[in-house]
Structures are given as C-alpha cells and as structure tokens.
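The model shown is predicted, which means the values in this text are computed figures rather than measured ones. The basis for the numbers below is simple: all heavy atoms, side chains too, and nothing from hydrogens, waters or symmetry mates. First the proteins, then the strands, lettered A, B, ... as listed; each starts at 1.
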Amino acid sequence: MDSGSGTNGAEGGERKLDFVRQIVADDIKTDKWQGKVHTRFPPEPNGYLHIGHAKSINLNYGIARDFGGKFNLRFDDTNPEKEEQEYVDSIIEDVRWLGADWEDRLLYGSDYFQQMHDWAVELIKKGKAYVCELDAEQTRAYRGTLTQPGKDSPYRNRSVEENLDLFERMRKGEFPDGAKTLRAKIDMAHPNLNLRDPIMYRIVHEHHHRQGDKWCIYPMYDWAHGFEDSIEGITHSICTLEFENHRPLYDWFIDAVNDGRTDDGSGPWGKKIHHPQQIEFARLNMTYTVMSKRKLLRLVKEGYVSGWDDPRMPTISGMRRRGYSPEAVRNFCKLIGVNKFNSTVDFALLEHCLREDLNKTSARVMAVLRPLKVVIDNYPEGQSEALDAINNPEDASAGTRKVSFSRELYIEREDFMEEPPKKFFRLAPGREVRLRYAYFITCTDVVKDADGNVVELHCTYDPATRGGDAPDGRKVKATLHWVSAPHALKAQVKLYENLFTKENPDDAEEGRDFTANLNPNSLETLTECYVEPSLARAHALDRFQFERLGYFCVDPDSTPESLVFNRTVGLRDSWARIQKKG
RNA sequence: UGGGGAAUAGUGUAACGGUAGCACGACUGACUCUGGAUCAGUUAGUUCUGGUUCGAAUCCAGGUUCCCCAGCCA
C-alpha cells in the first residue's frame, strides 16, 4: 500500500497533513504517547465493507504506516444477534485486498469480555453502577427528552452487595432476556443523553459466533468500545462524527475504572489503564449510491441486487467483482481528504481514479459487443493472416500479440450509419475507415432484412494498407475495432449503470424510500458478443481494456466454455457527448 | 425550544494574520492507428453582519443554515 498518504491538493513537495494526521504529528512532537502511534479498524461483522469503510481503513492504516506505528484489525463483535462468521470472513478478505497489513493482530472485542465484566464488577463495588429492572419502554420514559431531564430509576440506590449479587445472577443466566440491565450511575439530568445512566450490559441468550454460549450478558458498544481500544493500547481511536457525543461517556468509563488506581499499581485497585484519544471524522457519502449497511442489507435481502458482491454495489466485494483495482480505490481515498463536515463526493471522481489506474495497467484487446457482420469481398475466401497488435500503448513492456484477420469480420453496430450526420466519422456507404492494426476498408454495399434493418455490410480492402498505414499517405477519420468471425469467441458481457437514478437516492417523494429511485436499467446483459481468442486463457477478475469501449474484467462465474465479462467503466466518450448536444 | 459538531468555485479539498491554490466536472483548442490517452487553455469560490488590524477565509462578537443525539444497535 504505497499510495494514500494524507496529502492532497497542491503539488510541490511540502506535505499538507489532514487534520487527523496533524493531531498525530503534534502528539509525536509533544511526546504524548512516548512517540507511539497505534491505530485500528474496528468493524462490526454484521455486513460487508463498503467504499466508506475503505476511507477509514486507508486513514487508520495509512497513519500507522506513515508514522511508523501499528495497525490492528479488530472485530467489534458485542452483539450476537446481528453478527455472523460470513461477515468476519468477508471483512478479512476485503481489508487484505485493500492492502492494509495488521500483521499478527487480528483481534476480537469479544475476547475481552471477561476483562470488561471484571471492570463492571469493579464499578459496582465503587458505587458507580447498578442493576436496573426497568423494561425497555420504562427506561425510555425515564430517560427524558432532548429538552427535559430524565428521572432516577427506582433501582438506582441499591446496595453494593445487592448489585453484585444480581449482576452475578444475570451472568449465570437466572433471568430472561430484557429482565435486567446493568447501568452506570451518572446523571439522569445530563444535557448529553448518553450520560443519563447508560446501560452497560443487557441480557441476551444468544449463541455468539465466536464465544459460543459462554455468555448471556453482552456489553453495550459504549461500555465495550473504549476498553477494547484501551486494552490494545490504541493511541488514536479514529471514528466517525456520530460518536462525538459518546466521547464524554468513554472518558467517564475509563476515568471510573481509573478512580482509585495508581500509576505504580499500589493500592487496592491496581494500576491505571490506558486512556486512548478519540478523534472523529466525517463518513463518506457519494452520489448515486447509498452507504449505510442497513440500506445495503435491504438491497441484498429484498433481491434488488444479486448479493453483497453484486458489481453495482458500493461494497468492496462488489467493486472487486466489477473490476476495480485496490490502487484506484486507495488513490480515491487519498484525493477525497478527511474532515469534520458532511459532504458528498461526486461518483465521477472515483471513476476518474479508476480510469487513471486501469489505463496504465490494462492489456488492450478487441471485442465487439453488438456485432454487425462485414464481408471483405476482395479478400480471398478461406484465407487468414496474423497481424501485430500492441498490448498496451501506455506500457511498452506489455509487448505485442497476433490477431487473426479473415474475409468475414464483426464490427460494432454503432460504428456504421447508413445516413451519417455531419460529425459522424465512422463507417458509412462509400466511406473508407481503418480497421485497427489491419487494413483500410471501404463500404460498398449494405444488406438489409425484410424489415429494413442492416444485417450485413460488404466492403473492399486495400492490401497496401496492411498493418493500418497507407503508403500513399492518405488519411482516414476513424479507426474501428473488429474481430475475425471464424476466430472469435462468443461471450456474455454485463453492462452496469448507476444503481440509482438520483444523485441522492434518499430524495424520494412522500411515503416512499430510496428503493423508489432504483435504476431499472442498472444492468444490461449482452449475450451475442465476440471477443478475440486470446481471452480464452483469461482468469477470474483479470482486467482488460476492450479497445474503444471501456474496461472489463472476467466475472468469477466465467468459464472457458462460457465467458462472462463485467464492464468496470466505459472509456470517456466524446462522441457520446457530441450526440447528446445534438 | 437541551447538548454536541460544522460552513471556501457545480463537487471534493488547501491556504495555520500577508497574492484564495489544487483535483474532479463542464467548456475550447492541439495531437492521435482507441472520438481513448496526452498536452494547452477557459470557467467558477471564502454562510451573513459588524469589529480588531497596515492587512482577515484565518482573530473577536452576533446572526443564518446544515449535521448528530431521546436502541436493552454499532
């Protein structure tokens, strides 16, 4: 992972640090953590990772790398009702694909359950926590509102002994789900609702994907998260904006544990625990897509897409299947920057990063998506020849290959017009164009079916233009891609458009939600495509540029007998813009 | 109406009291065996009102707008 440093904007050598890196740099300068930097990416395994997570991974891993620190991958698996091993597996694969290196630190918050439990007991003993028997609805009522203070739970002033006994019985499974909670005794009138005696533990009799049936009480995120970071020695706990309101609570919890503890470990409670610093940044939003796990889960569960890795999804697995490269994603993360206010990044910027990388790295190949048959009347029947083609004009080391030419070819249907408008430079009756790396051809005849549709073209070729250049120096205005009919391989090609028709999918009329803005044309499957035979040897996820069309990759479901390609992104198409303008 | 955050071209960001810059997009043009790529250029901005200062995007005061918080989710 060599891109993705925290610089962006102006060139010129001097680094411009994003605000998080600025804090880290300042902390190093002031020796706040003895020069140490330790970050982490803490996903909950309740869904697949998306491009917004890539921003966070890139930030956290990038900081650790840039400042010579460490980076942990830690699953925040405190809710067995939503978490599954499938998600754990996909997250590991995606983080690795993005290039972040956690070395041997693949960690799980649930592995700290015993320690968290012991700290909870400690808080009870210090009179800072109590077992509450209010049900969910009562708890809400007692909490008050944004403008009105809450009121104390009637269970707030139990004795330490009774709290200890009840909490232990909660742990042993004596009570049903929801019957009791352990709460922090803070302030029911606090203006920050998170501090109105927040729940630390709830009873959930559920099998945990990792801990099995060892526990039936599970820590709340607020209680668990700060301690996970503390235990791992995280110096900079980087998270998104919505947790800003929670920071005072994490601080309170750590301070509560540290109350009575000492730097040297003397005294009844022992040594103070590490108090990480939380820094919040704005999550990523992008045009024409949704980015919440809840909404993505709906798209999957309700069948709007084929799965989490549907190439139209903004998930890492979807983008990978679509043909995105990790380099492109990383460079995108670098360009968008980091800040503290909500913004929506133009999808075009991601596509720009994609094309920029793919242009440099993709082998060129010829494929015809919507074939139109061409017969070269003056080319000998039964003859064929192999012509030299450049694999990647951006990379001389990619070399050349041979492409077969013969009497019968396919060209792209839209490269021919019987009555061409002024700015149309491609093939038309009587007009001469170049077939890439082959010959100049001139259209002499148009064959139509009974309905008047063009079904075949007859052309002549100029043998002197072999390879694509005319010895007499004459020019043509267009170069077309083509495949030799007898040599070509048939393939299926899937074309993707934005999943939503609106920049902001949530902008739906009254009573409807984002699914109302799903793009009915987001997937088009072409089954009559022809590709050059070299593609028979391509492997899943191999990336190519189909000349003049765009970047494509081999779908994982593709087989040598039944080739399937996904269009990653089209080439910039100035002809399409001319057409649009009329 | 409580508390916590935040506002710079169409979009995303930089400028840390001293010429408001970069990228994407859009638009011109050049070049081209991909109407690709590349190159050159144009476009367009400090939320508002005051104040401090020789000088304010930056400091101060007040206003406006936007985001987050009332899960036994994270």
For this session: Look at all strands and tell whether A:Ile578 reaches a base, only sugar-phosphate, or nothing, counting heavy atoms closer than 4.0 Å.
Result: base
Exercise. What residues, two or more places apart in sequence or in another chain, satisfy salt bridge (charged side-chain N to carboxylate O under 4.0 Å, His left out) together with A:Asp177?
Worked result: none
For this session: Calculate the interatomic distance between A:Glu242 atom CD and B:rC67 atom P; express it in whole Å.
Result: 15 Å
Exercise. Where are the stems of RNA chain B, defined as at least 3 consecutive Watson-Crick or wobble G-U pairs with both distances under 3.5 Å?
Worked result: B:2-7 with B:64-69, B:10-13 with B:21-24, B:25-30 with B:38-43, B:47-51 with B:59-63
Seminar exercise, completed: Between NE2 of A:His246 and P of B:rG71 the distance, given in whole Å, is 11 Å
Problem set entry | Closest listed nucleotide, where the reference is the side chain of A:Thr147 and the choices are B:rA70, B:rU1, B:rG35 | B:rU1
Exercise. Where the side chain of A:Phe424 is defined as all heavy atoms beyond and including C-beta, which of B:rA74, B:rA70, B:rG35 is the nearest nucleotide?
Worked result: B:rG35
Problem set entry | Distance, C1' atom - from B:rG12 to B:rG45, rounded to whole angstrom | 13 Å
For this session: Can you run down the salt bridge (Lys or Arg N to Asp or Glu O under 4.0 Å) pairs that involve residues 134-149 of chain A, sequence neighbours left out, and say none if there aren't any?
Result: none
Problem set entry | Interatomic distance at P, B:rA14 relative to B:rG51, whole Å | 30 Å
Problem set entry | Partner set under salt bridge (charged side-chain N to carboxylate O under 4.0 Å, His left out) for A:Glu174, not counting sequence neighbours | A:Arg169
For this session: Using the test salt bridge (charged side-chain N to carboxylate O under 4.0 Å, His left out), find all partners of A:Arg171 that sit at least two apart in sequence or belong to another chain.
Result: A:Glu168
Exercise. So which one's nearest nucleotide on RNA chain B is more toward 5', A:Lys581 or A:Asp76?
Worked result: A:Lys581
Seminar exercise, completed: By side chain to side chain contact (heavy atoms under 4.5 Å, CB included), A:Cys132 pairs with (sequence neighbours left out) A:Tyr130, A:Leu134, A:Ser153, A:Tyr155, A:Thr181, A:Arg183
Problem set entry | Atom-pair distance (OH on A:Tyr221; P on B:rG71), nearest Å | 18 Å
Exercise. Taking the same atom, C1', in B:rG5 and in B:rA9, what whole-Å distance lies between them?
Worked result: 25 Å
For this session: Could you please spell out the steps behind the salt bridge (charged side-chain N to carboxylate O under 4.0 Å, His left out) verdict for A:Glu44 and A:Lys82?
Result: CA-CA 9 Å; A:Glu44 182 189 16; A:Lys82 292 187 177 177; over 6 Å; no
Using nucleotides 4-10 of chain B, report all nitrogen or oxygen pairs with the protein that are shorter than 3.5 Å.
{"from": "B:rG5", "atom 1": "O2'", "to": "A:Glu244", "atom 2": "OE1", "distance (Å)": "3.2"}

Problem set entry | Which residues share a salt bridge (charged side-chain N to carboxylate O under 4.0 Å, His left out) with A:Asp152, sequence neighbours left out | A:Arg156
Exercise. How is A:Leu134 classified with respect to the nucleic acid when contacts are heavy atoms under 4.0 Å: base, sugar-phosphate, or nothing?
Worked result: base
For this session: Rounded off to whole Å, could you give me the CG-to-C1' distance for the A:Leu350 and B:rG25 pair?
Result: 14 Å
Exercise. What integer number of Å spans the C1' atoms of B:rU19 and B:rC24?
Worked result: 25 Å
Exercise. Of all the choices, B:rA70, B:rC27, B:rU34, which nucleotide is nearest to the side chain of A:Glu547 once you look at every atom?
Worked result: B:rU34
Problem set entry | Rounded distance in Å - CD (A:Gln138) to P (B:rA70) | 20 Å
For this session: Could you tell me whether A:Ser343 contacts a base, only the sugar-phosphate backbone, or nothing, with contacts defined as non-hydrogen atoms closer than 4.0 Å?
Result: sugar-phosphate
For this session: Not counting sequence neighbours, list each pair that qualifies as a salt bridge (Lys or Arg N to Asp or Glu O under 4.0 Å) and has a residue in residues 276-294 of chain A.
Result: A:Glu242-A:Arg283, A:Arg247-A:Glu280, A:Glu280-A:Lys340
For this session: Determine the interatomic distance between C1' on B:rG50 and the same-named atom on B:rG4; round to the nearest Å.
Result: 27 Å
Problem set entry | Under 3.5 Å donor-acceptor, A:Arg431 side chain and A:Arg426 backbone | yes
For this session: Could you measure between the two P atoms, the one in B:rA23 and the one in B:rC60, and give it in whole Å?
Result: 32 Å
Exercise. B:rA74 and B:rU64: how far apart are their C1' atoms, nearest whole angstrom?
Worked result: 34 Å
Problem set entry | Output field: ring centroids A:Phe167/A:His117 closer than 6.0 Å | yes
Exercise. Mind checking whether A:Phe565 and A:Phe552 have ring centres under 6.0 Å apart?
Worked result: no
Seminar exercise, completed: B/S/- along nucleotides 36-42 of chain B (protein heavy atoms under 4.0 Å) is BS-----
For this session: Using the test side-chain hydrogen bond (donor to acceptor under 3.5 Å, both in side chains), find all partners of A:Ser397 that sit at least two apart in sequence or belong to another chain.
Result: A:Asp395
Exercise. Whole Å only: how far is the CD1 atom of A:Ile199 from the C1' atom of B:rA74?
Worked result: 15 Å
Problem set entry | B:rU46 versus B:rA20 - spacing of their C1' atoms, nearest Å | 8 Å
For this session: Any side chain to side chain donor-acceptor pair (under 3.5 Å) involving residues 469-481 of chain A? Give me the pairs, sequence neighbours left out, ordered by first then second residue.
Result: A:Glu412-A:His481, A:Glu432-A:Arg474, A:Arg434-A:Thr479, A:Asp462-A:Arg474, A:Asp472-A:Arg474, A:His481-A:Arg548
For this session: Starting from C1' on B:rA23, measure out to NE2 on A:His352 and report it in whole angstrom.
Result: 7 Å
Seminar exercise, completed: From OH of A:Tyr218 across to P of B:rC72 the rounded distance in Å is 18 Å
